[in-house]
Engineer: 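Before we start, here is the structure in question, set down as structure tokens.
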There are 2 protein chains.
Amino acid sequence: MGRSATTLTDVARAAGVSLSTASLAFSGAGPISSATREKVLAAAAELGYHGPDPVAASLRRGRSGVIGVVMGSAVRRSFRDPVSIQFLDGIVTTLATQGYGTLMLPASGSDEAPGSLLTHGAMDAAVLMAGAVTSTRTIEALRARGLPTVQIGGTGRQGASVRARDKEGMQMLGEHLRERGHTRVAVATLPWQSGAQPGPVDAGTTRRPAAPITARRLDGLRAAGVEPVAIWQCASLVEEGIAAGRALLASRPTALVGFSDLIAAGLLIAAREAGLRVPEDVAVAGFDGIDLPWLGEDTLTTLVQPIADMGRHAAEAALTLAAGGTAKSLSVDVELRVGTTT
Amino acid sequence: MGRSATTLTDVARAAGVSLSTASLAFSGAGPISSATREKVLAAAAELGYHGPDPVAASLRRGRSGVIGVVMGSAVRRSFRDPVSIQFLDGIVTTLATQGYGTLMLPASGSDEAPGSLLTHGAMDAAVLMAGAVTSTRTIEALRARGLPTVQIGGTGRQGASVRARDKEGMQMLGEHLRERGHTRVAVATLPWQSGAQPGPVDAGTTRRPAAPITARRLDGLRAAGVEPVAIWQCASLVEEGIAAGRALLASRPTALVGFSDLIAAGLLIAAREAGLRVPEDVAVAGFDGIDLPWLGEDTLTTLVQPIADMGRHAAEAALTLAAGGTAKSLSVDVELRVGTTT
DNA sequence: CCTGAGGCTCGAATCGATTCGCCGACGGCG
DNA sequence: CGCCGTCGGCGAATCGATTCGAGCCTCAGG
């Protein structure tokens, strides 16, 4: 700490009180006369002392006042994904109002040793962002330290989790598309397993994705009786959505579904590029419900997740766990928002 | 900390060595035979001890291993701005490789009391993101604690800073536009002062913006002999860029300049919306050099800042300051990237 | 005037680890 | 054969605060 060398002991001496009394004057806990408090605060101001050292307080209290957030495997990618960002936003904001700090932890790559921060960072609990869940070693490293964790978008099998009912949502979308008469539906999914490269997926070979989010969303579509005529897996990036769109259009679909709004935006761009009218020639739908002000006239049909709320819930769960309580897993509803693209 | 109750003392006892020796076995500093180290590590594994408590270590060492990052006044806005995000990315990544953690600190609103995290968070130094600079109270709160700070995009007058040579960049752009024969240039600037509402600016009334970034960029344009025919100030959001574009087109400009790429994207959308051809009817240019994959065929003419690099530099400066060194302010060059929009 | 009850303040233990100086033992060299 | 240099391990002080039980002082009631 670059703080001044003045300690609470100095302040106490200057104020003519004991160390314990000085501590009380700052923490406010315990009985203390306002006269004494004033005296201590005055002495503190005099000496340029600006409050107790957080590290020392943490040590004594046994709590650090910090919650770790493990980003997806690729930090850069997480930062480019508006969904992750909004989660983060919800988390940081919620924690801040509770006086808790948010420590960003880049997850280690797939199989590397967990970053030293995971093992050496001071925190009371950790939130694992969607992308980070795949890295089992990360979870293990945290668990080994005895840190409680909350997963976003996880299965909830390993401790608390917060997730959307994506299966039910996708089912609603599937039904919506069927009502509109779409039978040839091509989908651009999220990766089927961690580290997967963008490209076509033969649904015959691997029927169910290993990645839980991808699996649940695909299950939802199928539950609505929609069996994709073509599948392309890709990361949640507009660029990859465009590439996916170009490839998927070869199957002459009447509807394109992206497993994220960014992907869907890419699909939309690819469709326009191919000279197709949306939604007359081909319908497009996404998932997430993020703002895409640059889509122009169109508003994307999508499944809206209450992203910031989920972040907030995750943060609250983490706080509960940090305080020694137990948090149960939570699923939130998604809502079908019909735009102009279906 | 939710860690197991086992302490280094327990491990030392179990291994039959002294506490100090056990510490050495983990830290690796100081002379210790590998036989002893093995013995200690074995005992630790046996007891389920996973390394020294970070908080206790921080207290003793006097360094917390954490650098704070103060976000712009509106956390939500910062998270929506790709530029902030990329700064953050550069910072987090750089710090992580050095074994340092990044603590996110939402800046207090304009005049509120500084958030308790600013005063109670454990950190060795702080980085102030561009938007946070305006809040003097924030800086004061940190300074009062004796924390060294690095500003991104600041004036460099208050301690170390990292910024782009935006004036020189804008001057290049101004010259580029003049070479292309543009004389009627309308600009959508960033806010002229903190907390400003979007809307027109009468350059006659207030000739120079209070916000340093806005001022420097405008100075650059003027240095190239470009005096805007109309000015609109707005936040770095596509929506506000669109609104700005609609308003600015009334002045029949031959070129539109946005002070950020998001704004410029909005200007571009507004121009297309008005049925104008770009760049034939109106040219559009931005500032930042971020990826905008959704712009379609067009690539924006813009001034590319090495954003992630700037984040990296800021992080390195913060580390230097945290280690007790001195960091000098740094200015990096921006590069004019001519796209298809001018 | 004496006693009981509060309300403040104080001492001291404690959180868990780092680190510096010191000491014992062992090996090499004169 | 003895002395000195070195390597490895140990004790103890220390980082800066929190917190609990004990003690004192004062005020009120009998």
Engineer: Is a side-chain N or O of B:Thr97 found less than 3.5 angstrom from the main chain of B:Thr94, in a donor-acceptor match?
Structural biologist: yes
Engineer: Do nucleotides 8-13 of chain D as a string where each nucleotide becomes B, S or -: B if the base has a protein heavy atom under 4.0 Å, S if just the sugar-phosphate does, - if no protein is that close.
Structural biologist: BSBBBB
Engineer: Grab the CZ-C1' distance between B:Arg63 and C:dA17 for me, whole Å please.
Structural biologist: 14 Å
Engineer: Is a donor on one side and an acceptor on the other found under 3.5 Å between the side chain of B:Ser329 and the backbone of B:Ser161?
Structural biologist: yes
Engineer: When you get a sec, tell me which of D:dA17, C:dT18, C:dG16 is the closest nucleotide to the side chain of B:Ala57?
Structural biologist: C:dT18
Engineer: Report yes or no: does B:Thr21 contribute a side-chain atom to a donor-acceptor pair with the main-chain N or O of B:Val17 at less than 3.5 Å?
Structural biologist: no
Engineer: Within the distance-only criterion (no hydrogens, no angle test), does the side chain of A:Asp124 pair as donor or acceptor with the backbone N or O of A:Gly65 below 3.5 angstrom?
Structural biologist: yes
Engineer: Where the side chain of B:Tyr49 meets the backbone of B:Gly51, is there a donor-acceptor pair that is under 3.5 Å apart?
Structural biologist: yes
Engineer: What is the separation between atom NE2 on B:His50 and atom P on C:dG16, rounded to the nearest whole Å?
Structural biologist: 17 Å
Engineer: Please check if any side-chain donor atom of A:Ser20 sits under 3.5 Å from a side-chain acceptor atom of A:Ser23, or the reverse.
Structural biologist: no
Engineer: What bend angle does the helix from C:dC1-D:dG30 to C:dG30-D:dC1 show across its length, from five-pair end axes and to the nearest 10 degrees?
Structural biologist: 50°
Engineer: Does any N or O in the side chain of A:Thr320 come within less than 3.5 Å of the main-chain N or O of A:Glu316, such that one atom is a donor and the other an acceptor?
Structural biologist: yes
Engineer: Can you give me the closest heavy-atom contact between A:Ala160 and A:Ala327, atom names plus distance?
Structural biologist: CB-O, 3.7 Å
Engineer: Taking atom C1' of C:dT19 as reference, at what distance in whole Å does atom CG of B:Leu59 sit?
Structural biologist: 14 Å
Engineer: Please report the distance, rounded to the nearest Å, between CG in B:Leu8 and C1' in C:dC15.
Structural biologist: 14 Å
Engineer: Look at the side chain of B:Asp309 and the backbone N and O of B:Pro306, then say whether any donor-acceptor pair between them is shorter than 3.5 Å.
Structural biologist: no
Engineer: Specify the separation, in whole Å, of atom CG of A:Asp10 and atom P of D:dG16.
Structural biologist: 9 Å
Engineer: Can you find a side chain N or O atom of B:Ser23 that sits less than 4.0 Å from OP1 or OP2 on C:dT18?
Structural biologist: yes
Engineer: Rounded off to whole Å, could you give me the CG-to-C1' distance for the B:Asp53 and D:dC15 pair?
Structural biologist: 13 Å
Engineer: Between atom CZ in A:Phe26 and atom C1' in D:dG16, what is the gap in whole Å?
Structural biologist: 13 Å
Engineer: OP1, OP2 of D:dG16 versus side-chain N and O of A:Tyr49: anything below 4.0 Å?
Structural biologist: no
